[in-house]
A.B. asks: 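So that we are looking at the same thing, I have put the structure below in structure tokens.
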Amino acid sequence: MAPDGYCEACGKAQPKPRDHQEKALDGVAGVSDRGLRHHRNEDAFTIAGTSLPDGEPAVVAVVCDGVSSSPRPDEASATAVDAASESLLSSLERGEDPAAAMRRAIGDANRAVTALAHDGRSPAQPGGGVNAPACTYVSAVSAAGLVTIGWVGDTRAYWIPDDRESAEPYRLTEDDSWAARMVSAGLMAEAEAYADPRAHAITGWLGADAEDLLPHTVSFTPHVPGVLLICTDGLWNYAEAATDLAFFVRTDARTEPLAAARALVNFAVTSGGHDNITVAVLPITPAVEEYEPTLLDLPVQRPASDTPAPAGGPSRAAAGTGGPAGTGGGGGTGGGRHDVTVPDLPPLPPLPDLPPPPAMPPMPAFAPTATPGSG
């Protein structure tokens with residue numbers, strides 16, 4: 001292959017290292033693809049794992065999308081990813097709060113991308129100044145049961161539960177874009193705004209010419225198993241709503257995150273591949289909550305003579321042996337029979353007799369009142 005990336009034998013352009021990338025670690029996976037229309041991949045991503053000071057594991061994923069109208073967008077996204085991931089890992093290892101670590105990482109990424117505008121390689125604008133490299137940003141941290149998201153621009157994060165019947169998929173980010181502003185101002189319906197040609201004009205990004213950088217962060221604690229997706233618009237353009245995107249997320253995404261990421265990228269490519277596509281998948285399995293039994297968790301003990309079992313039928317204790325208390329499956333120890341209900345309270349002691357009320361004193365006699373005009 002020649003230095004210009006073309007095959008010396010056939011004359012065709014050869015794949016570049018960033019045209020298609022896959023990474024997988026324990027607890028996270030990601031895939032990025034150039035798509036079908038762009039000549040290079042201007043997306044960048046990384047995934048990493050570390051430990052908090054108490055030994056608790058933490059997982060980090062960062063995804064950035066270079067702004068195509070700016071110079072060197074591929075460098076901007078790669079620079080932001082490197083700076084943010086290094087910042088996040090260092091902060092988490094020091095024990096910094098994930099939300100504070102996220103804000104710090106976005107600031108570090110912005111400074112790194114801003115520096116590209118002053119390295120002498122960015123083209124000058126007419127009348128002076130420099131056309132600065134720029135990118136959008138989203139990252140996620142999963143540690144100690146808490147998920148923290150940070151973003152600038154229109155890269156997104158979605159929560160997709162395993163059970164999509166009892167728990168609803170949800171978009172966690174709000175775009176910094178023209179369409180989002182129109183919707184939030186009540187000027188246009190969401191479908192109308194995102195169908196407008198101006199929909200994807202971003203209002204927030206990283207870079208030297210970013211005005212009033214406003215990093216967004218959100219944290220939540222999942223109570224059901226599922227996956228967190230962070231992605232560029234090359235994916236969500238084809239399934240913007242969380243419920244629509246969830247349809248294309250494999251049901252085994254939590255146990256097979258790399259396969260899930262591949263499937264999502266393939267979906268975007270086969271849907272047109274008009275943009276670069278990047279997605280990272282973070283499986284989330286909440287810890288089982290442990291608790292001490294309370295009064296409401298304990299079975300109601302009843303005398304053996306109460307409510308005898310029907311002839312030939314099992315006793316309640318036998319039917320429920322081994323089941324957890326308070327779940328409808330029993331919970332007895334094999335001794336007395338019981339109903340799995342809220343326990344009966346002990347009877348209240350009888351109220352003491354009240355003393356008789358004191359006798360009313362006799363009313364005093366009143367003199368008759370003279371009527372007006374009686375003299």
A.B. asks: Indicate yes or no for a side-chain donor-acceptor contact from S90 to the backbone of E86 under 3.5 Å, with no hydrogens or angles considered.
C.D. replies: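 Looks like yes, one N/O pair under 3.5 Å.
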A.B. asks: Under a 4.5 Å side-chain heavy-atom rule over Ile, Leu, Val, Met, Phe, Trp and Tyr, are L228 and I47 clustered together?
C.D. replies: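 Yes, because L228 and I47 connect within a single hydrophobic cluster, where side-chain heavy atoms sit under 4.5 Å apart.
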A.B. asks: Could you go through the side chain to side chain contact (heavy atoms under 4.5 Å, CB included) check for L245 and E240 one step at a time?
C.D. replies: CA-CA 7 Å; L245 185 60; E240 186 206 345; over 6 Å; no
A.B. asks: Indicate the atoms forming the closest heavy-atom contact of A58 with L92, along with that distance.
C.D. replies: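 It is CB-CD1, 4.4 Å.
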A.B. asks: Using a 4.5 Å cut-off on heavy atoms from C-beta on, say whether the side chain of V279 contacts that of I230.
C.D. replies: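 When only atoms from C-beta onward are counted, V279 and I230 do not touch, as no gap falls below 4.5 Å.
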A.B. asks: Could you measure the distance from the OH atom of Y238 to the CZ atom of F248? Nearest 0.5 Å is fine.
C.D. replies: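 Y238 OH to F248 CZ: 12.0 Å, rounded to 0.5 Å.
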A.B. asks: Which atom pairs, donor and acceptor, lie under 3.5 Å between side-chain atoms of residues 264-271 and protein residues at least two apart or in another chain?
C.D. replies:
residue: T270; atom: OG1; partner: N266; partner atom: O; Å: 2.9
residue: T270; atom: OG1; partner: F267; partner atom: O; Å: 3.1
residue: S271; atom: OG; partner: F267; partner atom: O; Å: 2.7

A.B. asks: What residues form a salt bridge (charged side-chain N to carboxylate O under 4.0 Å, His left out) with E22, not counting sequence neighbours?
C.D. replies: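 Partners of E22 under the salt bridge (charged side-chain N to carboxylate O under 4.0 Å, His left out) test: R262.
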A.B. asks: Taking distance alone, no hydrogens or angles, what donor-acceptor pairs closer than 3.5 Å link side-chain atoms of residues 179-190 to residues at least two apart or in another chain?
C.D. replies:
residue: S184; atom: OG; partner: A180; partner atom: O; Å: 3.1
residue: S184; atom: OG; partner: R181; partner atom: O; Å: 3.1
residue: E190; atom: OE2; partner: R171; partner atom: NH2; Å: 3.3

A.B. asks: Take S32 and N41 through the side chain to side chain donor-acceptor pair (under 3.5 Å) test and state the conclusion after the steps.
C.D. replies: CA-CA 8 Å; S32 184; N41 190 355; 2.9 Å; yes
A.B. asks: On a heavy-atom basis, which atom in P215 and which in V152 lie closest, and how many Å separate them?
C.D. replies: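 For P215 versus V152, the nearest heavy atoms are CA-CG2, 3.9 Å.
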A.B. asks: Between N131 and S70, is there a side-chain donor-acceptor contact under 3.5 Å, judged purely by atom types and distance?
C.D. replies: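 Side-chain D/A pair, S70 to N131: absent.
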A.B. asks: Can you tell me if R104 uses its side chain to pair, donor with acceptor, with the backbone of S87 under 3.5 Å?
C.D. replies: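 No; zero donor-acceptor contacts below 3.5 Å.
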A.B. asks: Taking C-beta and beyond as the side chain, do N276 and T232 meet within less than 4.5 Å on heavy atoms?
C.D. replies: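 With C-beta onward as the side chain, the pair stays apart.
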A.B. asks: Does any donor atom in the side chain of H200 or Y194 lie under 3.5 Å from an acceptor atom in the other side chain?
C.D. replies: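 No pair is found: no donor N or O on one side chain lies under 3.5 Å from an acceptor on the other.
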A.B. asks: Would the distance check show the side chain of D196 and the main-chain N or O of A193 forming a donor-acceptor pair, the cut-off being under 3.5 Å?
C.D. replies: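 A pair under 3.5 Å: no.
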A.B. asks: Identify whether L235 and L172 are in the same connected component of the hydrophobic contact network (ILVMFWY, side-chain heavy atoms under 4.5 Å).
C.D. replies: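 Not linked; separate clusters.
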A.B. asks: Which heavy atom of L88 sits nearest to which heavy atom of A101, and what is that distance?
C.D. replies: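 Answer, listing the atom of L88 first, then A101: CD2-O, 3.7 Å.
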A.B. asks: Within the 4.5 Å heavy-atom criterion, are V249 and R164 side-chain neighbours or not?
C.D. replies: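 Yes, their side chains come closer than 4.5 Å.
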A.B. asks: Could you measure the distance from the CZ atom of R198 to the OG atom of S177? Nearest 0.5 Å is fine.
C.D. replies: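 Separation between the atoms: 12.0 Å.
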A.B. asks: Enumerate the residue pairs fulfilling side chain to side chain donor-acceptor pair (under 3.5 Å) with a member in residues 138-154, sequence neighbours excluded, ordered by first and then second residue.
C.D. replies: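 Listed once each, the pairs are Y137-S139, T148-S219.
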A.B. asks: Please enumerate all residues that pass ring pair (Phe, Tyr, Trp, His ring centres under 6.0 Å) together with W205, with sequence neighbours excluded.
C.D. replies: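 For W205, no residue satisfies ring pair (Phe, Tyr, Trp, His ring centres under 6.0 Å) once neighbours in sequence are set aside.
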A.B. asks: Find the distance between CD1 (I149) and OG1 (T173) and round it off to the nearest 0.5 Å.
C.D. replies: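 Here the rounded value is 8.0 Å.
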A.B. asks: Not counting sequence neighbours, which residues clear side-chain hydrogen bond (donor to acceptor under 3.5 Å, both in side chains) with T217? List them please.
C.D. replies: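 By the side-chain hydrogen bond (donor to acceptor under 3.5 Å, both in side chains) rule, T217 matches no residue at all.
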A.B. asks: To the nearest 0.5 Å, what is the distance between CG (L258) and CD (E256)?
C.D. replies: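 The CD atom of E256 is 8.5 Å from CG of L258, to the nearest 0.5 Å.
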A.B. asks: Once rounded to the nearest 0.5 Å, what's the spacing between atom CG of L36 and atom CG of D275?
C.D. replies: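 Spacing of CG (L36) from CG (D275) equals 11.0 Å.
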A.B. asks: Nearest heavy-atom pair of I160 and A242: which atoms, and what distance?
C.D. replies: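 Minimum heavy-atom separation between I160 and A242: CD1-O, 4.2 Å.
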A.B. asks: Does D176 use its side chain to pair, donor to acceptor, with the backbone of I202 at less than 3.5 Å?
C.D. replies: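 No; zero donor-acceptor contacts below 3.5 Å.
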A.B. asks: Minimum heavy-atom separation for P161 to A167, with atom names?
C.D. replies: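 Scanning both residues, the minimum pair turns out to be CG-O, 3.4 Å.
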A.B. asks: With the 4.5 Å side-chain cut-off for hydrophobic clustering, are V59 and L25 part of the same group?
C.D. replies: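 Yes, because V59 and L25 connect within a single hydrophobic cluster, where side-chain heavy atoms sit under 4.5 Å apart.
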A.B. asks: Rounded to the nearest 0.5 Å, what's the gap from CG on L206 to OG1 on T136? Could you check?
C.D. replies: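 Here the interatomic distance stands at 7.5 Å.
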A.B. asks: On a heavy-atom basis, which atom in C135 and which in G66 lie closest, and how many Å separate them?
C.D. replies: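 Heavy atoms of C135 and G66 come nearest at CB-CA, 3.8 Å.
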A.B. asks: If hydrophobic clusters are built from ILVMFWY residues whose side chains come within less than 4.5 Å, do V81 and I106 share one?
C.D. replies: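 As far as the 4.5 Å side-chain criterion goes, I106 and V81 are connected within one cluster.
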A.B. asks: Restricting to pairs with a member in residues 16-54, which pass ring pair (Phe, Tyr, Trp, His ring centres under 6.0 Å), not counting sequence neighbours?
C.D. replies: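 Applying ring pair (Phe, Tyr, Trp, His ring centres under 6.0 Å) to every pair that reaches into residues 16-54, excluding sequence neighbours, yields nothing.
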A.B. asks: Measure the shortest side-chain to side-chain distance between N237 and H274 over non-hydrogen atoms and say whether it is less than 4.5 angstrom.
C.D. replies: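 The answer is no; the side chains never approach within 4.5 Å.
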A.B. asks: What residue pairs, at least two apart or across chains, pass side chain to side chain donor-acceptor pair (under 3.5 Å) with a residue in residues 44-66?
C.D. replies: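 Passing the test, one end in residues 44-66: T50-E93.
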A.B. asks: Quick test of your reading: applying side chain to side chain donor-acceptor pair (under 3.5 Å), list the pairs with at least one residue in residues 242-253, sequence neighbours left out, ordered by first then second residue.
C.D. replies: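 Listed by first then second residue: R250-D252.
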A.B. asks: Find out if a path of hydrophobic residues (ILVMFWY) with successive side-chain heavy-atom gaps under 4.5 Å connects V281 to Y158.
C.D. replies: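 Linked, V281 and Y158 end up in one cluster.
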A.B. asks: Checking salt bridge (charged side-chain N to carboxylate O under 4.0 Å, His left out) for the pair R156/D175: CA distance, chi angles, key distance, verdict?
C.D. replies: CA-CA 7 Å; R156 290 185 176 182; D175 296 344; 2.7 Å; yes
A.B. asks: Can you name the residues that form a ring pair (Phe, Tyr, Trp, His ring centres under 6.0 Å) with F220, not counting sequence neighbours?
C.D. replies: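 For F220, the residues satisfying ring pair (Phe, Tyr, Trp, His ring centres under 6.0 Å) (neighbours in sequence not counted) are W159.
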A.B. asks: Which pairs, with at least one residue in residues 76-85 and sequence neighbours excluded, count as a side chain to side chain donor-acceptor pair (under 3.5 Å)?
C.D. replies: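 Passing the test, one end in residues 76-85: R18-S77.
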A.B. asks: Pairs of donor and acceptor atoms involving the side chains of residues 109-116, under 3.5 Å and at least two apart or interchain, shall be tabulated with distances.
C.D. replies:
residue: N110; atom: OD1; partner: G207; partner atom: N; Å: 3.0
residue: R111; atom: NH2; partner: D108; partner atom: OD1; Å: 2.5
residue: T114; atom: OG1; partner: N110; partner atom: O; Å: 2.8

